[in-house]
Enquirer: 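Right, I'll just put the structure down here and ask away after.
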Amino acid sequence: MHEVSHARMVEQLQSLGVREGGVLLVHTSFKAVRPVEGGPLGLIGALRAALGPRGTLVMPTMTRGDTVFDPTSTPTEDMGITAELFWRQPGVTRSTHPGGSFAAEGPHAADICRPQPLSPPHGPDSPVGRVHDLGGQILLLGVSHGENTTLHLAEALARVPYSVSHPCVVEVDGVASTVMLAETDHCCSRFPLADGWLRARDLQREGTVGHAHARLCDARAVVDVAVKQLTAEPLTFLCPQDAGCEQCDQARLSIGA
C-alpha cells in the first residue's frame, strides 16, 4: 500500500468531520492506519493539525493495575503504539487513575485529566465523562465500538445492575495496597450494537483515515442512544446466558449480589 501523507491525513480527518478547536477522544489501531508519513507520531501530528491549536486531543492510556502506577513512567496495556507514544510527548498531561488513566493535550487537558474517584473508572467524573460534558467527539480509527470506553459511561449513567470488582494496586502516603475497584466489566463484544443505533439516526460519520476505516460521533450522541437502549433493556450489552461467555456470566452473577 502507498504511504499516506501528513497533508492527506489532515484532509481526511477534516472531511470526516473532526472539529477544529474541539475535544477529540481517539481510540486507534495503528496497524489498520499504516503506512502513513511519520508513522504513529505522524498520525498524532495529523490529529493535532486537524484540531488546531485550540483543540484538545485525548487518548486512553490504561494499565493493568497490578503495580503502583506512575503517570510519568508506567507503560500502557493493550492501548496500541499510538496512545503509548502520545502520553510520552512533551506537553501531554496524563491522569492519575491507577488502572483507567487517559492522556490529553490542549486547552482542556488539565481539566480532563484532573483527579477522579477510583470507581467507576469511566463514570461521569472521569476523563471520559469530562469529554462528554465538553461536547467532545469520539474517533474510532481502525477499531470498532468494542473499544469505545464512552459506552461504559452510558452504562454508569443508566445505572445498569451489574458491577464486577477487580484488584488494583493504589498508593496512599507512600504505602502500596490492593483494593477492589467496581466497574461495569464484561466482554464488550456487544458494544458494536451502537453502530446500528447511531447509523439509524444519522449520528455517525464514516470514512477512511490513512488506510483505516474510521467512525466519528459526538460523545453526547453515543451516550444518549445507549442510555435509552439500556433503560429499556439493562442487560443489552451482556452476551446471552447460553453463549458461554465467562466475563458476561460473571457480570450476570453480580446482579443482586
Side-chain angles (χ1 to χ4, degrees), residues 1 3-4 6 9-10 12-13 16 18 23-51 55-67 69-106 109 112-113 121-122 126-128 131 136-153 183 185 187-189 191-192 194-195 206-217 219 222:
M1 293 186 291
E3 182 179 87
V4 179
H6 170 86
M9 280 192 290
V10 175
Q12 290 173 323
L13 289 162
L16 189 64
V18 170
V23 175
L24 183 67
L25 171 55
V26 179
H27 297 270
T28 185
S29 167
F30 185 71
K31 289 181 180 179
V33 177
R34 68 184 183 186
V36 297
E37 181 181 356
L41 290 177
L43 172 59
I44 293 169
L47 291 164
R48 286 167 161 165
L51 284 166
T56 301
L57 179 59
V58 188
M59 293 188 195
T61 59
M62 289 174 262
T63 55
R64 190 179 298 276
D66 56 356
T67 60
F69 176 69
D70 182 347
T72 68
S73 63
T74 304
T76 61
E77 181 74 26
D78 297 328
M79 294 293 103
I81 186 63
T82 307
E84 176 63 24
L85 289 174
F86 175 60
W87 75 261
R88 296 178 181 274
Q89 300 309 300
V92 175
T93 301
R94 192 180 187 188
S95 68
T96 58
H97 191 281
S101 66
F102 282 72
E105 180 188 27
I112 290 169
C113 294
H122 309 306
S126 72
V128 170
V131 169
Q137 295 176 297
I138 300 165
L139 176 63
L140 302 173
L141 189 48
V143 298
S144 73
H145 283 285
E147 286 68 48
N148 186 355
T149 50
T150 298
L151 289 170
H152 284 305
L153 170 63
E183 58 182 306
D185 188 41
C187 76
C188 300
S189 66
F191 271 5
D195 270 326
E206 300 182 53
T208 301
V209 176
H211 293 277
H213 181 74
R215 296 168 171 84
L216 182 73
C217 43
V222 170

Enquirer: Of the options Thr56, Ile138, Thr149, Leu25, which is the one that meets Val131 in a side-chain contact (heavy atoms from CB on, under 4.5 Å)?
Expert: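 Filter result, single survivor: Leu25.
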Enquirer: Could you tell me which non-hydrogen atom of Pro192 sits nearest to which non-hydrogen atom of Cys188, and how far apart they are?
Expert: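 So the two residues come closest at CD-O, 3.7 Å.
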Enquirer: Can you tell me if Arg64 has over 12 outside heavy atoms packed within less than 6.0 Å of its CZ?
Expert: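 Atom CZ in Arg64 is not packed in, count stays at 12 or less.
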Enquirer: Quick check for you: to the nearest 0.5 Å, what is the distance between Glu147 atom CD and Arg215 atom CZ?
Expert: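 The CD atom of Glu147 sits 9.5 Å away from the CZ atom of Arg215.
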Enquirer: Side-chain contact, heavy-atom cut-off 4.5 Å: Leu47 with Leu139?
Expert: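 Side chain of Leu47 against side chain of Leu139, heavy atoms only: contact under 4.5 Å found.
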Enquirer: Over 60° means perpendicular and under 30° means parallel, so tell me whether His27 and Phe102 are parallel, tilted or perpendicular.
Expert: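 Perpendicular: the ring planes of His27 and Phe102 meet at over 60°.
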Enquirer: Taking only residues two or more places apart in sequence or in another chain, which ones pass ring-ring contact (aromatic ring centres under 6.0 Å, His included) with His211?
Expert: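 His211 satisfies ring-ring contact (aromatic ring centres under 6.0 Å, His included) with His2 only.
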Enquirer: Using side-chain heavy atoms (C-beta onward) and a distance below 4.5 Å, is Val23 in contact with Ile112?
Expert: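 With C-beta onward as the side chain, the pair touches.
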Enquirer: Which heavy atom of Glu3 sits nearest to which heavy atom of Val36, and what is that distance?
Expert: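 Here Glu3 and Val36 meet closest at CG-C, 3.5 Å.
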Enquirer: Can you name the closest pair of heavy atoms from Trp87 and Ala103 and give their distance?
Expert: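 Closest heavy-atom pair between Trp87 and Ala103: CB-CB, 3.7 Å.
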Enquirer: We want to know whether Thr61 and Thr76 form a side-chain donor-acceptor pair, criterion being a heavy-atom distance below 3.5 angstrom.
Expert: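 Note: Thr61 and Thr76 side chains miss the donor-acceptor criterion.
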Enquirer: So, Glu206 versus His213: side-chain donor-acceptor pair below 3.5 Å or not?
Expert: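 Distance-only check passes for Glu206 and His213.
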Enquirer: Hey, what do you get for OG1 (Thr96) to CG (Asp70), rounding to the nearest 0.5 Å?
Expert: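 So the OG1 of Thr96 and the CG of Asp70 are separated by 11.0 Å.
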Enquirer: Test side-chain contact (heavy atoms from CB on, under 4.5 Å) on Cys217 and His145; report intermediate values, then the result.
Expert: CA-CA 11 Å; Cys217 43; His145 283 285; 4.1 Å; yes
Enquirer: Would you please name every residue forming a salt bridge (charged side-chain N to carboxylate O under 4.0 Å, His left out) with Arg48, sequence neighbours left out?
Expert: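 Counting only residues at least two positions away or on another chain, Arg48 forms a salt bridge (charged side-chain N to carboxylate O under 4.0 Å, His left out) with Glu105.
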Enquirer: Please name the pair of heavy atoms, one in Leu216 and one in Val18, separated by the smallest distance, quoted to 0.1 Å.
Expert: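 Minimum heavy-atom separation between Leu216 and Val18: CD2-N, 3.5 Å.
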Enquirer: How about Arg88 and Pro75: do any of their side-chain heavy atoms sit closer than 4.5 Å?
Expert: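 Yes; the side chains approach each other to less than 4.5 Å.
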Enquirer: Start with the C-alpha gap between Met79 and Met62, add the side-chain angles, then the distance that decides, and say whether side-chain contact (heavy atoms from CB on, under 4.5 Å) holds.
Expert: CA-CA 7 Å; Met79 294 293 103; Met62 289 174 262; 4.0 Å; yes
Enquirer: Kindly determine whether Leu43 and Leu141 satisfy side-chain contact (heavy atoms from CB on, under 4.5 Å), including the steps that lead there.
Expert: CA-CA 11 Å; Leu43 172 59; Leu141 189 48; 4.0 Å; yes
Enquirer: Specify the closest pair of heavy atoms between Ala32 and Gly142, including all atoms of both residues, with the distance to one decimal.
Expert: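 Looking at all heavy atoms of both residues, the shortest contact is CB-CA, 3.7 Å.
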Enquirer: Evaluate the criterion side-chain contact (heavy atoms from CB on, under 4.5 Å) for residue pair His6 and Val10; output intermediate values, then yes/no.
Expert: CA-CA 6 Å; His6 170 86; Val10 175; 3.8 Å; yes
Enquirer: Determine whether Met59 and Thr82 make a side-chain contact, defined as any pair of heavy atoms from C-beta on separated by less than 4.5 Å.
Expert: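 Of all side-chain heavy-atom pairs linking Thr82 with Met59, at least one is under 4.5 Å.
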Enquirer: What heavy-atom pair brings Glu77 and Thr63 nearest, and what distance separates the two atoms?
Expert: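 Looking at all heavy atoms of both residues, the closest pair is CB-CA, 3.9 Å.
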Enquirer: Find the distance between CD1 (Ile81) and OG1 (Thr28) and round it off to the nearest 0.5 Å.
Expert: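 With rounding to 0.5 Å, CD1 (Ile81) is 11.5 Å from OG1 (Thr28).
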Enquirer: What's the spacing between His152 NE2 and Asp185 CG if we round to 0.5 Å?
Expert: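 The CG atom of Asp185 is 6.5 Å from NE2 of His152, to the nearest 0.5 Å.
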Enquirer: Measure from the side-chain N and O atoms of Gln12 to the backbone N and O of Gly210, and report whether any donor-acceptor pair falls under 3.5 Å.
Expert: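 Confirmed, Gln12 side chain pairs with Gly210 backbone.
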